[in-house]
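Presented below is the structure to which this report refers.
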Amino acid sequence: MIHLYFHFIFSYFKSHLGKVFLNLLSVSLGIALFVSTQINGWKAEKSLIDQTIGFNSRNFIGRYVFTSNLTPNKPEKTILKKISDSLPNTVIVEPELQTKGYFKNEEYQIFSIPTIGKDLITQFNFNLQIKNNDQFPKYIFSKALLSKLNTNGFPLLFHLCNKQISINRSDILEISKDGLFVLMDIERLQNICNLKDNFTSINLIQSQNHSTILYDLPKTMTLENWYYESNEEIKERAGIALGSLKINLTIISLVSVLISFFMVSNIYTGLFISRKIEFGILLSIGGTKLNNFFLFLILSVFMGFIGGSIGVYLGVTISNQNLVKTVSTLTDTMQIESYNDYPIEIILYGISLSIFGSIVSALFNAIKAYNILPIELLRDRDQLTTNSPFFLSKHAILVISLFLILIGFFIGNIKIEKQILPGLAGVGFVIFGFVTLNYILIPYIINGIEKLIKNLNLSPSFYMGIKEVGMESWKNGLIVSTIMLSTSLVFTLSTLTSSYQTSLKHWIADENKSDFSLINEEKLNSGEPGVPIDLFETLKSKNIFLDVEPFFINPKLTLNGKFFTLHVLNFPESLDKNRILVSRNLCFLEKICKGDSITLTTEKKGPVTLEIQEEKEHFFSERGTILIDFQLFKQLYTIEFLNSIRLTLKKDKNYHDGYHLIHNISKEYGLIHLDQIKLGELYLQGMDQVFSVLDTLKITAISISVLSLITSIFYYVKEKSRILAGLKSIGMSLSQLYFLLFYQILFLVTTGITSGIVNSLILSPIVVYGINRNAFGWDLAFTFPVHFVAKLPIIIPIFSAFITIIPFYFVSRMKISKELNYE
């Protein structure tokens, strides 16, 4: 029996190389996209954790953090001893100072690099590396950083704490560790930054001679102005912060996988038809129905494993080449690109998903192989089975399909904060409803077309083409569903990005009415403040400006153990400047709304309770934003730099003089100035980076659907070769044969795209108002790409005509004598 299984599988490989290639290609594309998005999602989360805990080792237990979140702190001299005395000797107490430094490479690209100060002399182990150095290294660079800088000469210019430092190669020790960072002794960093005895955190590290143990003692020990967070809490917070992004990417990549397996299902349908007689032979010589069933499934497992393995390899390659990027306002793209490692679980998930999907794709045809009878030996090989694959009447299936779509739309739009399961369930119901609807509607559509054109003198190729489609409604329904899914994915994602773009434009217009914004370009990518506060005071004294507005952002304000965004600006006179605002998505997601109060531990006044006076639509943070007036903020925190200064010129002043003054100020302070248009482009560019992964998903979905269409027509040419040869023998011209194939492709493409557009009109509100609203709390301005729909009547015939050329090439080379030679 094992010999039979191997013969069945390898004979299929030998005699159907084209089908095997297309099968593996479709599976590989879907799995590659899934694996690459999962790896990049993991890298994004890892980069956030590493930047939080300073790229610590696996022995990191937890840390004490100063409650301000904004500036380093100069703790009491006894605090380190106090913590150390309360813990076992196996735990190392390590102060850490973390800030940002900046490099420019040879292409003048600016890199924002985490710069970490540790007690290297007494705590860090460099025994192996120092043997080859005459003195202790001043700077420790990650290998990825030196590679990223791509410099051929030294010294390197390092911008740190508003100073420019020249670094020679002999000053650098390179270590093989993922991530972009610079490490130096804490005292050196404190001296450079004029922060003597200041820390940003106090880390607890388990000695390498002992296994890592999670201690409860730090949680019970309270320190004034410091709070403790464990390694697990930091990882959990990073997971929550990026959870919605990762889930959305997973959903979209799984839809692409679904599209690929629809194509695979279509391939297995063709396989069953082409090998139906062999199943009958096996039964007639003593085989069992279970043999037929498992023959099909074993082949699907084998194909799934190979396709999944190739897909995993492609996915890892795509991830390593950074062709698909996972970007968030919390993450640094360059940091993500520096990681080469990834969990082995992602590989196992990819292969398991491939095998499972392949089994499900083949299951229906495996059941048909189980139910086949020896009488199939006496049937013509091209005789078609037109029975419904369902055990219900077409009318009942039609009603069920419409019910699934309606119930899916209703469930998908249920609003429950932080819950995307209703949206996922809604998407699943709608897709399943449309798939069954496509199968049911094909005969009705063809009958309707025949009634409309019965009095028209159309080409016989047209009548024959649509009749052939109707005779295999289930198989062609799979093709239509594949095209539908890819079309729906493209239109739904386009709706999502267009809605984001429209909402962002409205937010920019409402929030920024100034003429110019002064920005520190070197710190723009990191989102850190870089415009001196004294410049703000200087500009306020200039008579040429109608308004000088500060703009400060802290994207990692910790409140109740979660990340939020703090936005500082000038409140209008209509608002109470001693109370705060919150974004509407913060109210929706966290239930912190108007009338509630929050407590911030501030630098100058310790814990301060602030009342929320209003909620505001604030299109800036996917986690929620807290807005505070600039004057109140200065009373609570020390501030040296702003993210930007917004300037509005007086209308009665000469515009050229105002622009000249801004230009000179920008040059003097090393800043850049952006007008409203350029500032809007900057925001939109950031949004495009976040959604760049969606463009890759669109291209993949379209590629898979085109492959499915080409594969289907190839099957038609192969399975109908005798019929096509007979038509040629009785005088059908090559042009008529071309149009016979063209009308079939045109029907499938038109039906699939039309179904996809209707499907996207139902799925888009679920994604925008259901999944997106529940995940991020935003109310987006719904924008459907109608302009693209208007172009489809021109695009579809041209696309169909081009696709037809491929199978027509083989038909034109078909030899009549060979095809009509019955065995």
Side-chain angles (χ1 to χ4, degrees), residues 17-46 245-268 300-327 333 336-337 339-362 482-483 485-490 492-493 691-711:
L17 289 177
K19 295 180 182 180
V20 170
F21 172 76
L22 290 172
N23 189 320
L24 296 179
L25 181 61
S26 62
V27 174
S28 300
L29 284 174
I31 297 300
L33 196 59
F34 172 79
V35 169
S36 62
T37 53
Q38 292 300 301
I39 290 177
N40 278 0
W42 177 85
K43 287 181 178 181
E45 186 175 322
K46 182 71 164 57
L245 175 66
K246 291 172 63 179
I247 290 172
N248 282 341
L249 288 177
T250 300
I251 294 169
I252 297 168
S253 62
L254 285 176
V255 171
S256 296
V257 173
L258 181 63
I259 294 172
S260 69
F261 282 119
F262 265 99
M263 175 181 170
V264 172
S265 181
N266 186 32
I267 292 174
Y268 285 136
S300 70
V301 170
F302 196 68
M303 296 290 286
F305 177 78
I306 296 176
S309 301
I310 297 173
V312 165
Y313 174 77
L314 291 175
V316 172
T317 302
I318 291 171
S319 177
N320 289 338
Q321 296 299 320
N322 300 303
L323 301 177
V324 179
K325 296 181 180 180
T326 305
V327 183
T333 304
I336 294 174
E337 291 176 357
Y339 288 90
N340 295 315
D341 196 12
Y342 51 85
I344 191 65
E345 290 84 358
I346 295 178
I347 306 299
L348 299 177
Y349 290 154
I351 295 177
S352 299
L353 180 62
S354 176
I355 295 174
F356 175 76
S358 187
I359 291 173
V360 173
S361 301
T482 306
I483 299 173
L485 280 173
S486 60
T487 303
S488 178
L489 183 64
V490 169
T492 301
L493 294 183
F691 287 106
S692 60
V693 64
L694 302 186
D695 294 329
T696 306
L697 294 168
K698 293 177 189 177
I699 294 171
T700 304
I702 293 173
S703 301
I704 294 173
S705 63
V706 171
L707 281 173
S708 177
L709 185 63
I710 294 173
T711 304

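As a basis for the values below, the full set of heavy atoms in this structure was taken, side chains included, without hydrogen atoms, waters or symmetry mates.
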Non-hydrogen atoms of V27 and G308 that approach each other most closely: CG1-N, 4.0 Å

Below 4.5 Å, heavy atoms only, C-beta onward: do L489 and T492 meet side chain to side chain? no

Go through the structure and list residues passing side chain to side chain donor-acceptor pair (under 3.5 Å) with S488, not counting sequence neighbours. N759

Of all heavy-atom pairs between S28 and G307, which one has the smallest distance, and what is that distance? OG-O, 3.2 Å

Any non-hydrogen side-chain atom of V316 less than 4.5 Å from a side-chain atom of I346? no

Using every non-hydrogen atom in the two residues, find where S36 and I318 come nearest and quote the distance to one decimal. CB-CG2, 3.9 Å

Just to verify, which of I483, V490, L485 counts as forming a side chain to side chain contact (heavy atoms under 4.5 Å, CB included) with T487? I483

With sequence neighbours left out, the residues meeting side chain to side chain contact (heavy atoms under 4.5 Å, CB included) with F305 are S309, I351, I355

Counting distance only, does the side-chain N/O of T317 pair as donor-acceptor with the main-chain N or O of Y313 below 3.5 Å? yes

CD1 of I31 to CD of Q38: how many Å apart, nearest 0.5 Å? 11.0 Å

Looking at residues at least two apart in the chain, or sitting in another chain, which of them share a side chain to side chain donor-acceptor pair (under 3.5 Å) with S358? Y268

Under the side chain to side chain donor-acceptor pair (under 3.5 Å) definition, can you give me all pairs with a residue in residues 343-353, not counting sequence neighbours? none

If you look at every heavy atom in L314 and A32, which pair is closest and at what distance? CB-CB, 3.7 Å

